[in-house]
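As the structure is a prediction and not an experimental result, all values here were calculated from the model. For this chain, numbers begin at 1 and follow the sequence in order. Just the heavy atoms: all of them, side chains too, but no hydrogens, waters or symmetry mates, feed the values below.
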Amino acid sequence: MLTNLRVIVLAAGLGTRMKSKRAKVLHRAGGRTLIDHVVGTALELTTPEQVAVVVGHQREDVEELMAPRRVRFVHQREQKGTGHAVMVCRDALESHTGLLLVLYGDCPLLSVETLRALIERQRQSSAAATVITTTLEDPTGYGRVLLDAGGSVQAIVEQKAATPEELQVRIINSGIYCFRSDLLWESISSIQPDNPAREYYLTDIVKIFHASGHKVNAMHLDDANEVLGINTRIELAGVDRIFRERKVRQLMLDGVTIEKPETVTVDLDATVGPDTVIEAFARILGSTQIGEDCTVGAHSIVRDSQIADGVTIHPFSVVELSTISSGAHIGPYSRLRVGSYVEAGAHIGNFVELKKTRIGPGSKANHLAYLGDSEIGPGVNIGAGTITCNYDGVHKHPTRIGAGAFVGSNSTLVAPLEIGANSYIGAGSVITEKVPEDSLALGRGRQIVKADWVSKRRSEREVER
Ligand code: UD1
Ligand code: CA
């Protein structure tokens, strides 16, 4: 942790170019919101009470999302530009005398190593600030950095305010700066909204420093990826892709086999153990943890779930907020909804849906079933087409099935219901009452066979004619 460092994260803008109802920093890349990436990086440098997030658009949502990070919030009531966003932090931070890092909430790829280098650069210099710059093939939209003969920053001109000549410059402002706090607070109020957008541009502070005899240094990054800012959904997709490529590369380096990695999505917070195989088009999302020697089948989606070692998820399955123990088989085409537990060695097959249901070790529900609000013991066989009727239109009710029970195909189990251990349910039954253990329950119309019925009918008809 660096002492005497403060961080401001600008996150108050709506992000007009996103054309969204949602504030830009609440959009996601790599499975995390943009603001969470930036705040997470800041917190690797310093403690939460040293980090101030400037909020405005949808500030309740941003603050709620960031609450676990325990950072401070500063409210920018009207979004009058990046310079104004820093100005509103004056009361909270002016007394501070060390270094002040300013980060933009729409620049999530930035690494903590780069920030450390920036701080070090600034610490060792006599400049008022150091800004991270890079060179872009297409610098459209970014502020252009004008350097003097000695390589220090003369001015930053915004796209909208730049002359045709300045627009030719391909060195851009990343929006990441390290300031000397005292000089920043001395100069910030001199920023004027004298530009076509009538905004207070933080970038104008460079000229103000110059006028009072202070320099601004540039720290040029060769890898432009780190400082890509997001203004449009196209840029959002581009940054998301970079996060995902990094993640699958790291997993492969850590011993995970990934088929057609360019098609696979793994959120940054997900973990996958070695010798697990992830097939094409799989999506592993949220806080999912997957053990070793598993398979995640093609086109399967696993979200916020715990998967133990040696689990096979066949293609086209969806697993959400569920837990799967070792050696279990899921799918193809299974759906595990919230609160499902599949215990060791159990099999859940095609077109089987579970919700808030525990399936005991070695139990099987291999085809076409809905099991909701159920506790199913070990060694149970659930026949094809079994349905737990857990909802009476008003309330949900539980179903309990004891160890070793055999539920015949196409059974309708009307909850609340208890089926005892080792009992049998005849196929096609509608079961509404408790079944004691070791017993057979049948709840269906008895079959009637009328011998020769067809031939009799035929001869009757012939008589009529
Ligand atoms: C800014 C820089 C530009 C730089 C680019 C890098 C300025 C004037 N321009 O332009 O030089 O190349 O970033 O990505 O700084 N925000 C607030 N309050 C406001 C306005 C903005 O908190 O009143 C926040 C936004 O939520 C966003 C960040 O500041 O997270 C940057 O704002 P944005 O409007 O995206 O700036 P750019 O036009 O991209
Ligand atoms: Ca931006």
Next item on the list: Please list all pairs passing the salt bridge (charged side-chain N to carboxylate O under 4.0 Å, His left out) test where one or both residues lie in residues 299-316, with sequence neighbours left out.
Entry: Arg303-Glu320

Note to self: Under the rule for salt bridge (Lys or Arg N to Asp or Glu O under 4.0 Å), what residues qualify as partners of Asp182, not counting sequence neighbours?
What the structure shows: Arg180

Side-chain donor-acceptor pairs of residues 125-133 under 3.5 Å, sequence neighbours excluded:
| residue | atom | partner | partner atom | Å |
| --- | --- | --- | --- | --- |
| Ser125 | OG | Gln122 | O | 3.2 |
| Ser125 | OG | Ala127 | N | 3.2 |
| Thr130 | OG1 | Gln122 | OE1 | 2.6 |

Checklist line | Results of ring pair (Phe, Tyr, Trp, His ring centres under 6.0 Å) for Phe316 - residues two or more places apart only | finding: His299, Tyr333

Checklist line | Residue list, ring pair (Phe, Tyr, Trp, His ring centres under 6.0 Å) with His329, at least two apart or on another chain | finding: His314, His347

Notebook entry, point to check: Just by modelled atom types, is the Thr203 backbone N or O under 3.5 Å from a matching donor or acceptor in the Tyr201 side chain?
Noted result: no

Next item on the list: Hey, could you give me each pair passing salt bridge (charged side-chain N to carboxylate O under 4.0 Å, His left out) that has a residue in residues 62-73? Not counting sequence neighbours.
Entry: Asp36-Arg69, Arg59-Glu63

Which atom pairs, one a donor and one an acceptor, fall under 3.5 Å between side chains of residues 355-364 and the rest of the protein, sequence neighbours left out?
| residue | atom | partner | partner atom | Å |
| --- | --- | --- | --- | --- |
| Lys355 | NZ | Asp373 | OD1 | 3.4 |
| Lys355 | NZ | Asp373 | OD2 | 3.1 |
| Thr357 | OG1 | Lys355 | O | 2.9 |
| Thr357 | OG1 | Leu371 | O | 2.9 |
| Thr357 | OG1 | Asp373 | N | 3.4 |
| Thr357 | OG1 | Ser374 | N | 3.1 |
| Arg358 | NH1 | Glu343 | OE2 | 3.1 |
| Ser363 | OG | Gly360 | O | 3.4 |
| Ser363 | OG | Gly377 | O | 2.7 |
| Ser363 | OG | Gly379 | N | 3.1 |
| Ser363 | OG | Val380 | N | 2.8 |

Margin query: Does either side chain, that of Asn390 or that of Thr388, offer a donor lying less than 3.5 Å from an acceptor on the other one?
Written below: no

Checklist line | Straight-line distance of Leu183 CG to Phe209 CZ, nearest 0.5 Å | finding: 6.0 Å

Next item on the list: Not counting sequence neighbours, which residues clear salt bridge (Lys or Arg N to Asp or Glu O under 4.0 Å) with Glu353? List them please.
Entry: Arg337

Checklist line | Axial cation check for Tyr200 ring with Lys80, 6.0 Å and 45° limits | finding: no

Notebook entry, point to check: What pairs meet the salt bridge (charged side-chain N to carboxylate O under 4.0 Å, His left out) rule with one or both residues in residues 16-26, with sequence neighbours excluded?
Noted result: Lys24-Asp106

Margin query: side chain to side chain contact (heavy atoms under 4.5 Å, CB included), that's the test. Do Leu109 and Val227 meet it? Break it down for me.
Written below: CA-CA 6 Å; Leu109 283 157; Val227 294; over 6 Å; no

Notebook entry, point to check: So, for Asp240 and Gly31, which heavy atoms are closest and what is the spacing to 0.1 Å?
Noted result: OD1-N, 4.4 Å

Item checked: Contact list for residues 183-210, test salt bridge (charged side-chain N to carboxylate O under 4.0 Å, His left out), sequence neighbours left out -> none

Next item on the list: Could you give me the CA-CA distance, side-chain angles and deciding distance for Leu184 and Ile205, then say whether side chain to side chain contact (heavy atoms under 4.5 Å, CB included) is met?
Entry: CA-CA 8 Å; Leu184 175 79; Ile205 203 161; 3.5 Å; yes

Next item on the list: Name all residues meeting the salt bridge (Lys or Arg N to Asp or Glu O under 4.0 Å) criterion together with Arg400; count only those two or more places apart in sequence or in a different chain, and write none if there are none.
Entry: none

Check: Heavy atoms, side chains only, cut-off 4.5 Å: are Leu93 and Trp185 in contact?
Finding: yes

Notebook entry, point to check: Got a sec, which residues hit salt bridge (Lys or Arg N to Asp or Glu O under 4.0 Å) with Asp269, two or more places apart in sequence or on another chain?
Noted result: Arg32

Margin query: Tell me if a side-chain donor or acceptor on Thr271 pairs with a main-chain N or O of Gln289 at a distance below 3.5 Å.
Written below: no

